[in-house]
Protein chains: 2
Amino acid sequence: MTKEDAIAAMRNFMAECVPFSKGEWDRVQPLHEVKILEKNELLLRQGEICTTLAFVVSGALCQFRTEDVDPYAYDFSFEADYAVDFASFAGQKPSTIGIRALRTSVLVCISKKNLDAAYKVSPAFQEFGRLMAERALVYDDDRVKSLLYDTPEERYLNLMERDPELLQEIPLYSIASYLGIRPESLSRVRANLNKKK
Amino acid sequence: MTKEDAIAAMRNFMAECVPFSKGEWDRVQPLHEVKILEKNELLLRQGEICTTLAFVVSGALCQFRTEDVDPYAYDFSFEADYAVDFASFAGQKPSTIGIRALRTSVLVCISKKNLDAAYKVSPAFQEFGRLMAERALVYDDDRVKSLLYDTPEERYLNLMERDPELLQEIPLYSIASYLGIRPESLSRVRANLNKKK
DNA sequence: CATACTTCTTGATTTTTGTCAAGTGATGGA
DNA sequence: TCCATCACTTGACAAAAATCAAGAAGTATG
């Protein structure tokens, strides 16, 4: 995949969300930068300020904490997701998580400074930003509800239904930490579900 | 408080977030509607589609689930917060929570249709919407991290630090459900903290 | 091929949290 | 004033999840 392909993929995704003119895109596009991460390479080191917002063209990334003995998966980013510690990015303060590529990943990145500039010169991009924030908000809202109300078994089943390919790709101990339980507990949840069938 | 006062309060809040012209405000303002809720009155019934986004000028609201024996507090909205089930509002599908006034509350409301119209006619309002979504996103992000990583005691202490007045106003059984634990467990957490001192 | 490592599972045990039941103090009517 | 209700606490017990330890299966590596 060339850099041009990556930019085109991002443009297509944006076009699906909001209508924008060629002129607008031409003002916004140069503010972006294509970045390729190899497997296990870091996009963000925990504790550093998150300076870049990364649109995932292809590949997969994991947001995680290093304080724990095992790296503790907090979230995953796949194709057409954004990878970022938003609190760190928006407030330009130290991040509480790191971000690592789970496999070779192609990203279209924009710095905080350039993003602010893009919002200034393009109303369509402003709207796109709002829609992305709203999408992330609905996702987080759902997750809070799930953590408050659902049992580990329900959370696991919901994830399987919503994102079955995730389970193919991500080790179960990472899934467990995403669900907020220990790997051994997830193992037992799965054993139980097998027995039920 | 008059309706004009409520509108003015909302305008002031918006002005603190983004610069906007008088013309822009004049286009956006008529799309809003002031609403006063008495204590215990509902803004949204669980299961209904959330048709309105409510800016809280004064008062306090609670988002909750009715499925449980005790109403289960999911979140609270105070002055300068927005009260909404965003997934229901954005997608115009049945809400999974209800919203109730904890005391008499003055709201400035806007319907989904009018909000979409406001975004169309005002770039400043578009930016304001993005900033509000981002603010909510950071809040939710924090909450997910807290539910994943912190013990009930840590969650309680964090809440006390972040929002001490909330504990004055909200019964402990609601605090407990917000923290994702049972009232009895919160009671024990508090008893433990008292012993430690 | 042998070895080390990773991932996952299982069993035994401890810790945490939930559940059930009872009781206290405060508050608000009738 | 009395009674009912509400918010909170406490105790005894049950259930859920974490922890600790060991081992199986698969994969990578010398």
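Naming convention: chains lettered A, B, ... in sequence-line order (proteins, then strands); numbering from 1 in each chain.
Distances from the side chain of P171(A) to the nucleotides dT9(D), dT10(D), dC8(C) place dC8(C) closest.
D85(B) has a carboxylate O that lies under 4.0 Å from a charged side-chain N of K145(A), or vice versa, which qualifies the two as a salt bridge.
Considering only residues two or more places apart in sequence or on other chains, Y119(A) meets the ring-ring contact (aromatic ring centres under 6.0 Å, His included) condition with F125(A).
Between the OH atom of Y173(A) and the C1' atom of dC5(C) there is a distance of 12 Å, given to the nearest Å. At whole-Å resolution of the value, CD1 in I181(A) and P in dC8(C) are 13 Å apart. The CD1 atom of I170(B) sits 11 Å away from the P atom of dC8(D) (whole-angstrom rounding). N192(B) places its CG atom 15 Å from the C1' atom of dG11(D), with the value rounded to the nearest Å. With rounding to whole Å, D150(A) atom CG is found 15 Å from dA16(D) atom P. Residue L179(A) contributes atom CG, which lies 12 Å from atom P of dA17(D) at whole-angstrom precision. Rounded to a whole Å, the CG atom of L172(B) is 12 Å from the P atom of dT10(D). The distance from atom NZ of K39(A) to atom C1' of dT6(C) is 12 Å, rounded to the nearest whole Å.
Note that R100(B) lies in the cation-pi zone of F64(B), set by a 6.0 Å cut-off to the ring centre and a 45° limit from the axis. Cation-pi check for R135(A) over Y82(A) is not met; the charged atom does not lie both under 6.0 angstrom from the ring centroid and within 45 degrees of its normal. Cation-pi contact between R143(A) and Y74(A): present, with separation from the ring centre below 6.0 Å and deviation from the ring axis of at most 45°.
Nucleic acid contact for L186(A): none, since no nucleic acid atom lies under 4.0 Å from a heavy atom of the residue.
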Please list, for nucleotides 19-29 of chain D, all pairs of protein and nucleotide N/O atoms separated by less than 3.5 Å.
| from | atom 1 | to | atom 2 | distance (Å) |
| --- | --- | --- | --- | --- |
| dT19(D) | O4 | R188(A) | NH2 | 2.8 |

Using distance only, find each side-chain donor-acceptor pair of residues 51-63 of chain B under 3.5 Å and give its atom names and separation, not counting sequence neighbours.
| from | atom 1 | to | atom 2 | distance (Å) |
| --- | --- | --- | --- | --- |
| T52(B) | OG1 | I110(B) | O | 3.4 |
| Q63(B) | NE2 | V84(B) | O | 3.1 |

